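Here the structure is laid out as structure tokens; the discussion comes afterwards.
Basis for what follows: all heavy atoms, side chains included, without hydrogens, waters or symmetry-related copies. It should be emphasised that the depicted structure is a prediction, and the values quoted were computed from it without experimental measurement.
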Amino acid sequence: MDLKYLQKKEHLIDWISKLEDEEIIAQLLKLKKELERSFVVSEPETEYAVKDDFEERWVKGLTSEESRARTKKFLESLPWKK
């Protein structure tokens with residue numbers, strides 16, 4: 001960190017340590033809590049971040065016959081050495 005930034009932090013620390021107004025202290029604590037909360041990702045938000053469309057994809061998927069036909073076609077297209 002550069003020196004000016006450290007001096008600003010020290011100035012704030014000094015000001016807060018001398019602060020006697022309970023309302024301002026409460027506001028500072030509220031701000032601190034909000035900032036800490038913004039850095040934390042809660043489980044319920046991440047749990048459903050991706051839509052679970054497994055059933056839809058399953059219905060649109062290949063049948064076993066289609067899969068075998070594609071596999072056979074792919075294997076026949078490979079440059080096998082004779």
Side-chain angles (χ1 to χ4, degrees):
M1 289 186 207
D2 64 3
L3 187 59
K4 288 183 181 182
Y5 185 73
L6 290 174
Q7 288 174 341
K8 289 178 182 180
K9 283 177 64 173
E10 288 176 8
H11 179 71
L12 276 173
I13 292 169
D14 185 48
W15 175 73
I16 292 171
S17 67
K18 294 176 183 174
L19 193 60
E20 295 183 13
D21 188 341
E22 290 182 22
E23 186 177 327
I24 294 176
I25 293 172
Q27 289 176 354
L28 288 170
L29 289 171
K30 182 180 176 183
L31 175 63
K32 178 183 176 277
K33 189 175 184 179
E34 288 174 5
L35 289 173
E36 287 173 347
R37 194 178 313 140
S38 69
F39 292 115
V40 177
V41 177
S42 65
E43 284 299 318
E45 291 175 11
T46 59
E47 188 175 347
Y48 300 104
V50 177
K51 178 184 171 190
D52 184 15
D53 61 346
F54 176 78
E55 296 296 328
E56 294 173 20
R57 291 183 289 128
W58 181 265
V59 170
K60 294 177 185 176
L62 298 176
T63 65
S64 60
E65 292 81 21
E66 291 172 324
S67 177
R68 285 189 196 113
R70 285 188 180 188
T71 302
K72 184 177 179 182
K73 184 177 177 183
F74 172 72
L75 290 174
E76 290 172 351
S77 71
L78 293 174
W80 298 103
K81 292 184 180 179
K82 294 184 180 184

Notebook entry, point to check: Apart from Val59 itself, which Ile, Leu, Val, Met, Phe, Trp or Tyr residues share its cluster (side-chain heavy atoms under 4.5 Å, direct or through members)?
Noted result: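 Under the 4.5 Å side-chain rule, Val59 groups with nothing.
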Notebook entry, point to check: Who passes salt bridge (Lys or Arg N to Asp or Glu O under 4.0 Å) against Lys18, sequence neighbours left out?
Noted result: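 Applying salt bridge (Lys or Arg N to Asp or Glu O under 4.0 Å) to Lys18 gives Asp14.
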Notebook entry, point to check: What residues, two or more places apart in sequence or in another chain, satisfy ring pair (Phe, Tyr, Trp, His ring centres under 6.0 Å) together with Trp58?
Noted result: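 Partners of Trp58 under the ring pair (Phe, Tyr, Trp, His ring centres under 6.0 Å) test: Phe54.
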Next item on the list: May I ask whether Ile13 and Leu28 are part of the same hydrophobic cluster, defined by side-chain heavy atoms of I, L, V, M, F, W, Y residues being less than 4.5 angstrom apart, directly or through others?
Entry: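 Different hydrophobic clusters.
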Next item on the list: Could you pull out all residues at least two apart from Asp21 that satisfy side chain to side chain donor-acceptor pair (under 3.5 Å)?
Entry: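 Not a single residue meets the side chain to side chain donor-acceptor pair (under 3.5 Å) criterion with Asp21.
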Listed pairs under 3.5 Å, donor-acceptor, residues 64-77 side chains, sequence neighbours left out:
| unit_1 | atom_1 | unit_2 | atom_2 | d |
| --- | --- | --- | --- | --- |
| Glu66 | OE1 | Thr63 | N | 2.9 |
| Glu66 | OE1 | Thr63 | OG1 | 3.4 |
| Thr71 | OG1 | Ser67 | O | 2.8 |
| Ser77 | OG | Phe74 | O | 2.6 |

Mind checking the [atom1]-[atom2] spacing from [X] to [Y]? Nearest 0.5 Å is all I need.
X	Y	atom1	atom2	answer
Leu3	Lys8	CG	NZ	11.5 Å
Gln7	Leu12	CD	CG	12.5 Å
Leu29	Ile24	CG	CD1	12.0 Å

Item checked: Partner residues of Glu34 under the side-chain contact (heavy atoms from CB on, under 4.5 Å) criterion, sequence neighbours left out ->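 With neighbours one apart ignored, the set is Lys30.
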Next item on the list: Would you mind checking if Lys60 and Glu56 are paired as a salt bridge, meaning a charged N to carboxylate O distance below 4.0 Å?
Entry: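 No, Glu56 and Lys60 are not salt-bridged.
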